[in-house]
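Note: hydrogens, waters and symmetry copies are ignored here, and every other heavy atom, side chains too, is used. Just so it is clear: chains get the letters A, B, ... in the order the sequence lines come, proteins before strands, and each one is counted from 1. The structure displayed is predicted, hence computed values, not measured ones.
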Amino acid sequence: MAGKTVSRRQFLKHAGATVALLGLSETLIPQMARALQALAAGKPPIIWIQGQNCTGCSVSFLNSNYPGVAELVLDKLSVRYQPNVMAGTGQAAIAAINDTVAAAKGGKGIYVLVVEGAVPTKEGGEYCTFGLSDKKKALADTNVQVPGDKTIHEWMKELVPGAAAVIANGNCASFGGIPAANAAVTGATPVSKIVAEIDPKKPMVNVGGCPSHPDWFVGTALQALIALGVLPGGKQLNLNENKMSKTFFGQLIHENCERRGAFDAGLFLEDWNEQSPDFKLCMFKQGCKGPVTYADCPIRRWNSGVNWCVGANAPCSGCASPSYYKELTPLYQPLPNMSFGGITPATDVVGWVAAGATAVGIGAHYLYKQLGSKPDEAEGGEK
Amino acid sequence: MAQLISIDPVTRIEGHMRIDVEVEGGVVKDAWSSGTMFRGYEMLIKGKHPWDAQQVMQRICGVCPMVHGTAASYALDTAMGVKLPDNARLIRNLCLGANFIQSHILHFYHLQALDYVDVTAVTKYDGPDPALKMLRDKITGLAAASDLYPFLPRYESPDYIGGEGGPGDPGIATELVGHYVQAFEMRKKAHEMLAVFYGRMPMSVGTIPGGVTTPPTLANIAAFRSRLNELQKWIADVYVADVKYVATQDAYSAFIKAGDSGGNFLAYGGMDQNQAGTDKYFKPGVITDYKALSPEKFDPDRVTESVKHSWYKDSTEGLKPAVGKTEPDVGKQGAYSFIKAPRYDNKPMEVGPLSRQLVNKDPVFMELANKLGVLTPPVKFGIIPRTGARAVEALLLSLEMEKWLDQLTEGIGSNIWDSSGKKIPDKSKGMGLVEGPRGSLGHWITIDGGKTANYQAVVPTTWNAAPRDKNGVRGPIETALLGIPVPDPNNPINVVRCIRSFDPCLACAIHVIHPEHNGVKEFRVV
């Protein structure tokens, strides 16, 4: 069998470190440890295609720790197609997709489809293509006929039916993201909507974030494989209403923010030159979207735990939220001034205030004032 | 008998790229490059709060977001009349530098190296190194399981390092693959270094109009420096050494001159050494017609954009970017790209590390160029000098970054921000010209009614991947492909070796476009 052999002791030590860094609760550890062990024994094939993307989620994936990306690619996953990493180009690259799909059709294995970027649907989907189609087109400024282009929408129709599951990686794939702010022109569409049109019963999960955190992607992918029965564990995926794993997207950033004390005390950053050596100031007045964004950034942090957005004295821009970017602009203006669809900041902020027993002080009062509601009204509100 | 080869996807680059080449007598006779994905950044930023720009424009490209964030910050600074504090200038240089290092390491090892190294040769490793023996066993196991993805399938070629008939031996190939694995960790450290001041990467938050958000405390400087020192050593001992090895193999000697883009090089200049920006680490300059030793002064006013072979109205031909218009005309006869053709004095220009090193005439690079015979007539700058310039640049920049760290005025209350960055004028214009990993980048913003009224960007890959212009002159990549040997049309490895030496970023090149009317309906690609 492929891959290295390790002693059980080594393995558990390693798996323990991995699980610890994925930031999982103790109850999940045995389940994930078994899953990782199974991954080491047989690598599930991955086809990772890119729609209207910027490659940021692929680059972020390269920042994975424990397991690192080399370990993931060599020992844990069989990466059949990933355009930034794979050796093959042109038809040699497409052959890897075709072989994997043919094997799955023939009952010899499965594949998981990862999609990065939104899927444009307007004008026949021509706003995003890769590979060659059976159709012909004129070459550039000549009359010579060459193979036409194949749209990402056509690829979805071809790859979704045979996939064991679909993982939308990053905000553009999950919710449309920045391309959706121009959906009127390109028809940038979330992957879940395209998948539902092809096969409403197809298992699929969203991994938010612009970009997605590598732990969010790797952890959600593991959970999806467990839920599918590809890996042992047997439990159903615990997803929120946006098809995101509650393990990573279960809590408001504001609930876990290291600067919540400053918020409660009403200590807001007004001028970047006036920072206190003793106290980190709250970024709410600079437009922080932490009160309306569900993600574990304050605990997980980014880039091997070095820092995160609020840690750099910058407001959270809500990049893991389904509302990013169109409904979260202006990014540097305080929340209540914004117009929203779907979730209203008032509901969520007030909900938080109601839930938080320590939500008193200048911070809370500032919020009530901005929201135009009184504390006693807010306390009755459940989100 | 000519043969047409359509290559799509061009992998191991950023973005969606298609290349069509005409091959005759075993060499490329003609070439066309197309970008095949469009999002519309300049459309969706219109009417938004100007501060959004440096967040949103970073999302043009996840490989080099920091250069877009930096260019947008400078564009907003100039629009708001900011006097950038020295600390902010230095931290912007340092974080952009960290992005360069990440991008250059990633490019050589993860995007380029698989064009030269035979990964399957690792199975034949018989050396003593324990780590490489582990790597051999791992690769051997994968080969036995017929699961060498993502390293196979690939274009086959008789000149892979360590392969049958190729240069080197399995031992050297295994060392290089070992460095490929190490490079994942090294580029990750460069991201961590950037995150010290800018919060995270990709998509950072630490640069804002008026300055930066994180003060240079002793702890921050130490966290940055320790990673920088490790990277400096690795770049010198491993990255530069590996590039030298590849560059000096007889099997690749043709690539010293092959892959030449036409002899015109441009650098806007970047990384300010003083507040006024009159002195820059990367000097601005222009080289025309191979006059490599005598760069001329760069004058931004001489940049125009040709649309003769691009899907834009002919009435917008030859405009300067600051007053640029983007009016699509999709069915236009003879057009074949949504990338415009930027020109300097009507000439196509290569941008990027090779241009910067030639303009700067850095002795380290010039010595390398001399040794390789680049400067002996006929003077040509092919795949190898372009790749070498990137490695030299990574090393020299990493050394310069240490000087910037030393110049920081330490302290939590130190001056890092000019509050005039917060004062949004009713009407204003701004321009940010910088150098990014892939070359010269310009952002232009127009503010009206306190909102972003217009936004234009001319990015490195727009220069390099440009189509033909009004005079029928090919873009730099199209020109560089001419004469590239294609001995086996089923395995056009040299075509992609040439393309990848430019480190193209298609998402960057094709974010432009804002149809003023609904002519957008007829758009085909981009």
Would B/H16 and A/Q50 count as having a side-chain donor-acceptor pair, cut-off 3.5 Å?
no
Could you look at B/I5 and say if it's the side chain, the backbone, both or neither that has a heavy atom under 4.5 Å from chain A?
neither
B/K189 versus chain A, the contacting section by heavy-atom distance below 4.5 Å
neither
Who passes side-chain hydrogen bond (donor to acceptor under 3.5 Å, both in side chains) against A/S60, sequence neighbours left out?
none
Any side-chain donor near an acceptor of the partner, A/Q91 and B/Y155, under 3.5 Å
no
Tell me, for B/H191 versus chain A, whether the close heavy atoms (under 4.5 Å) come from the side chain, the backbone, both or neither.
both
Report which part of B/S414 has an atom under 4.5 Å of a heavy atom belonging to chain A: side chain, backbone, both, or neither.
backbone
Regarding A/N303 and B/K188, do their side chains bring together a donor and an acceptor under 3.5 Å, going by distance alone?
no
Side chain / backbone / both / neither for B/F197 at chain A, heavy atoms under 4.5 Å:
backbone
Verify whether one side chain among A/N63 and B/R187 offers a donor that lies under 3.5 Å from an acceptor in the other.
yes
Checking A/N313 now: which residues fulfil side-chain hydrogen bond (donor to acceptor under 3.5 Å, both in side chains) with it, not counting sequence neighbours?
A/R259, A/Q275
With no hydrogens and no angle check, do the side chains of A/N307 and B/Y198 hold a donor and an acceptor under 3.5 Å apart?
no
The test is side chain to side chain contact (heavy atoms under 4.5 Å, CB included); show your working for B/Y149 and A/Q82 and say whether it passes.
CA-CA 10 Å; B/Y149 301 100; A/Q82 203 296 337; over 6 Å; no
At a 4.5 Å cut-off on heavy atoms, which part of B/W32 comes close to chain A: side chain, backbone, both, or neither?
side chain
